[in-house]
Amino acid sequence: MENVVIAGSGPAGLTAAIYAARGGLNPLVCEGLSPGGQLTVSESVENFPGFSDPVSGTDIMKKMREQARRFGAQFKKGSVNSVTQSDNCFDLYADKDRVKTKTLIIAAGAEARRLDVPGEARFYGRGVSGCAICDGNFFRDKDVLVVVGGNTAIQDAIFLSAIAAKVTTIHRRSHFRADACEIDRVKKIPNIQWLAPWVVEEIRGNDVVSGAVLRNSESEEERTISCDGIFVAIGHTPKTEAFRGMVEMDNEGYIKVHAKSTATTTQGIFACGDVCDSIYRQAVVAAGQGCMAALDVQRYLRKEI
Amino acid sequence: MLQTDLKHVTTEEEAKRLIGENPFVMMCCGRMGPMCIPVYEIMHQLETRYSHVVFGDMDFDMPEARFIKVLPECRSFMGLPFTVYFKNGNVVRATSSIQTEDEIVAILDEEFSEGIKK
Ligand SMILES: Cc1cc2nc3c(=O)[nH]c(=O)nc-3n(C[C@H](O)[C@H](O)[C@H](O)COP(=O)(O)OP(=O)(O)OC[C@H]3O[C@@H](n4cnc5c(N)ncnc54)[C@H](O)[C@@H]3O)c2cc1C
């Protein structure tokens, strides 16, 4: 039987693994389908403490994994698909295997939200993308839209402006929630154009994307815009499906944790990072909560909480 | 070479031999990025369940991967990875960008079910 299984290998899960391993718990990390988590999408992270120069998210996550491994954390490929509770422990079903554990840390993060408009599913991979860094090069010298939500979307627009002929950012509100320095940077780029407050109503095309229908969210005016690609960067939703019914969640699927703690509504299950954070959603916050979760597990196993 | 647990295909010749010698081949051509890694992981997990299927990968940036990129079925693709399903040497399906396990399983069941031993 494991002392602790950590579901997730993003900043939250790996920080939990570092602390749990140093605490002698021999944690088992189920890495999920995206080892390293969301930060691996970012080519340039500028706000993670300890790195004075911009660093790629993949590099940060590789270092975190290596640090956890050095202290004895074990890694397992694949996802936790479901959890059941029996006596004082949990059975985790992770692909073909069943793993028994005294405690579970849920650090399964979040996944990119989709627009959910007509045409999106049909043209995904044929002009619609959720990853500017992965697919940006298919749009060299073309016109693209970036449907933006916050800081990461701004980074996508900046990244694409160096590849595409024109980048039009679409934002549903007149005011933009992003770091002032990011907004200043983007305003100086000549081939980025702003459209706010507009929303995408429909994505059109034949074999590939050729345009979109937009609606002004204040005046309700509609207009059609032609473009070759649409990058969707409207934030993330927590990836908590596998744990539904096991712990309490809010309406949006974020796991509820007790104040100043990572304890969930089920004793022995802890949650950290973007699965329970609807506000900050930053790597350093996820890492901090991962540390808290590992310390909470240690106290729980010593029967101090 | 991609860091996956799949069979790595590194030349066009090797790919063609694999496709010629095996009736059911699923080949994923991508990079080590967030849209591609989940597809490789799902393929790896499905290897035991679909033991009659050969699951392979190919590095998108290798010049030899051109043979996948120029397939008519991939002509309109603009999202990594490019995943191609070959039956008896012919392309039967191809998808662009990230796919869920359910989407992949649906294609495998539809296209490759006759290879499952009853
Ligand atoms: C493009 C982009 C750029 C960003 N840039 C920055 C930045 O510059 N600075 C910053 O601070 N933050 C940034 N962020 C936000 C930051 O990446 C997240 O806040 C952080 O990664 C959250 O960490 P996490 O560990 O909670 O979750 P994630 O990073 O989402 O990791 C979740 C992990 O759980 C695994 N998983 C999922 N489901 C299961 C399951 N059922 N079983 C087992 N494992 C599972 C996944 O495979 C993954 O490994 C960025 C995000 C994006 C998308």
Review point. For B:Phe60, is it the side chain, the backbone, both, or neither that has a heavy atom closer than 4.5 Å to a heavy atom of chain A?
Key: side chain
Review point. Is chain A contacted by the side chain of B:Thr48, its backbone, both, or neither, given a heavy-atom distance below 4.5 Å?
Key: side chain
Check your understanding: Please walk me through it: do B:Ser76 and A:Arg126 pass side chain to side chain donor-acceptor pair (under 3.5 Å)?
Key -> CA-CA 6 Å; B:Ser76 57; A:Arg126 291 167 191 264; 2.7 Å; yes
Study note, to complete from the structure: chain A shares the most heavy-atom pairs under 4.5 Å, among B:Gln45, B:Arg31, B:Glu41, B:Met78, with B:Met78
Review point. Taking B:Val39, B:Ile42, B:Leu80, B:Ile98 one by one, which has the highest count of heavy-atom pairs under 4.5 Å against chain A?
Key: B:Leu80
Revision key, fill the gap. Given the options A:Asp59, A:Thr58, A:Ile60, A:Leu39 meets side-chain contact (heavy atoms from CB on, under 4.5 Å) only with A:Ile60
Exercise for review: Return the minimal non-hydrogen interatomic distance between B:Asp5 and B:Glu47, and the atom names on each side.
Suggested key: O-OE1, 4.2 Å
Point to revise | Aromatic contact, A:Phe231 with A:Phe139 (centres under 6.0 Å) | key: yes
